[in-house]
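Working notes, beginning with the structure itself.
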Amino acid sequence: MVVDEAGDEAVDRLFHALADATRRDILRRCLTGGVSVSRLADAYPMSFAAVQKHVAVLQRAGLVTKQRSGREQLVHTDPDAVGRARQVLDELESAWRGRVDRMSRLLAQDSATAAQDTEGQRQ
């Protein structure tokens with residue numbers, strides 16, 4: 001797999017950030033453009049500070065960027081970061097599909113060998 005030990009921490013941060021429904025919703029809300037943190041806070045039944053913490057987790061994972069606009073911090077989703085998550089999942093899927101294919105071939109060989117042994121014993 002392409003992910004190395006140094007990249008494991010980044011992948012862990014990425015999936016930790018995506019594991020929370022509020023953070024995934026923040027990503028969706030910020031896809032179309034910058035949304036202020038205060039406007040995001042209005043959308044959730046939690047404190048402004050809690051929303052700021054969610055945004056900070058997303059920012060550490062590289063899923064969003066913040067840009068100052070006057071007195072506000074605008075949050076932008078980084079679509080490339082979501083692509084990185086997809087790449088990691090694709091790599092995992094490929095590895096597991098390879099393992100399943102190898103197991104299927106081994107089971108088919110075992111079945112064929114067992115059938116040959118049974119046929120040989122009957123003769």
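Nothing here was measured: the structure is a model prediction, and the numbers come from that model.
- Considering all non-hydrogen atoms of both residues, Leu74 and Gly34 come closest at CB-CA, 4.2 Å.
- Under a hydrophobic-cluster definition in which Ile, Leu, Val, Met, Phe, Trp and Tyr are linked whenever side-chain heavy atoms come within less than 4.5 Å, directly or via other members, Leu89 and Val11 are assigned to the same cluster.
- Sequence neighbours left out, the pairs with a member in residues 19-30 that pass side-chain hydrogen bond (donor to acceptor under 3.5 Å, both in side chains) are Arg23-His54, Asp25-Arg29, Asp25-Tyr44, Arg29-Tyr44.
- Shown here are the side-chain contact (heavy atoms from CB on, under 4.5 Å) partners of Glu93, two or more places apart in sequence or in another chain: Asp90, Arg97.
- For Arg105, the side-chain contact (heavy atoms from CB on, under 4.5 Å) partners at least two apart in sequence or on another chain are Asp101, Arg102.
- When hydrophobic clusters are built by joining Ile, Leu, Val, Met, Phe, Trp and Tyr residues whose side-chain heavy atoms come closer than 4.5 Å, directly or via intermediates, Met46 is grouped together with Val35.
- Smallest separation of non-hydrogen atoms from Phe15 and Ala85: CZ-O, 3.8 Å.
- Here the straight-line distance linking atom NZ of Lys53 with atom OG of Ser47 works out to 7.5 Å at 0.5 Å rounding.
- Heavy atoms only, all atoms of each residue included: Val75 and Leu40 are closest at CG2-CD1, 4.1 Å.
- Note on Val57: it does not cluster hydrophobically with Val37, by side-chain heavy-atom contacts below 4.5 Å among ILVMFWY residues.
- Ser38 is linked by a side-chain hydrogen bond (donor to acceptor under 3.5 Å, both in side chains) to Ser36, counting only residues two or more places apart in sequence or in another chain.
- In terms of heavy atoms, Ala81 sits closest to Gly62 at CB-O, 3.0 Å.
- Shortest non-hydrogen contact noted between Ala41 and Val51 is CA-CG2, 3.7 Å.
- Qualifying side-chain contact (heavy atoms from CB on, under 4.5 Å) partners for Ser104, counting only residues two or more places apart in sequence or in other chains: Val100.
- Gln59 CD to Arg13 CZ: the interatomic distance, rounded to the nearest 0.5 Å, is 12.0 Å.
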Please walk me through it: do Leu27 and Leu18 pass side chain to side chain contact (heavy atoms under 4.5 Å, CB included)?
-> CA-CA 9 Å; Leu27 285 174; Leu18 292 171; 3.5 Å; yes
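- The stretch residues 73-86 participates, sequence neighbours left out, in these side-chain hydrogen bond (donor to acceptor under 3.5 Å, both in side chains) pairs: Gln67-His76.
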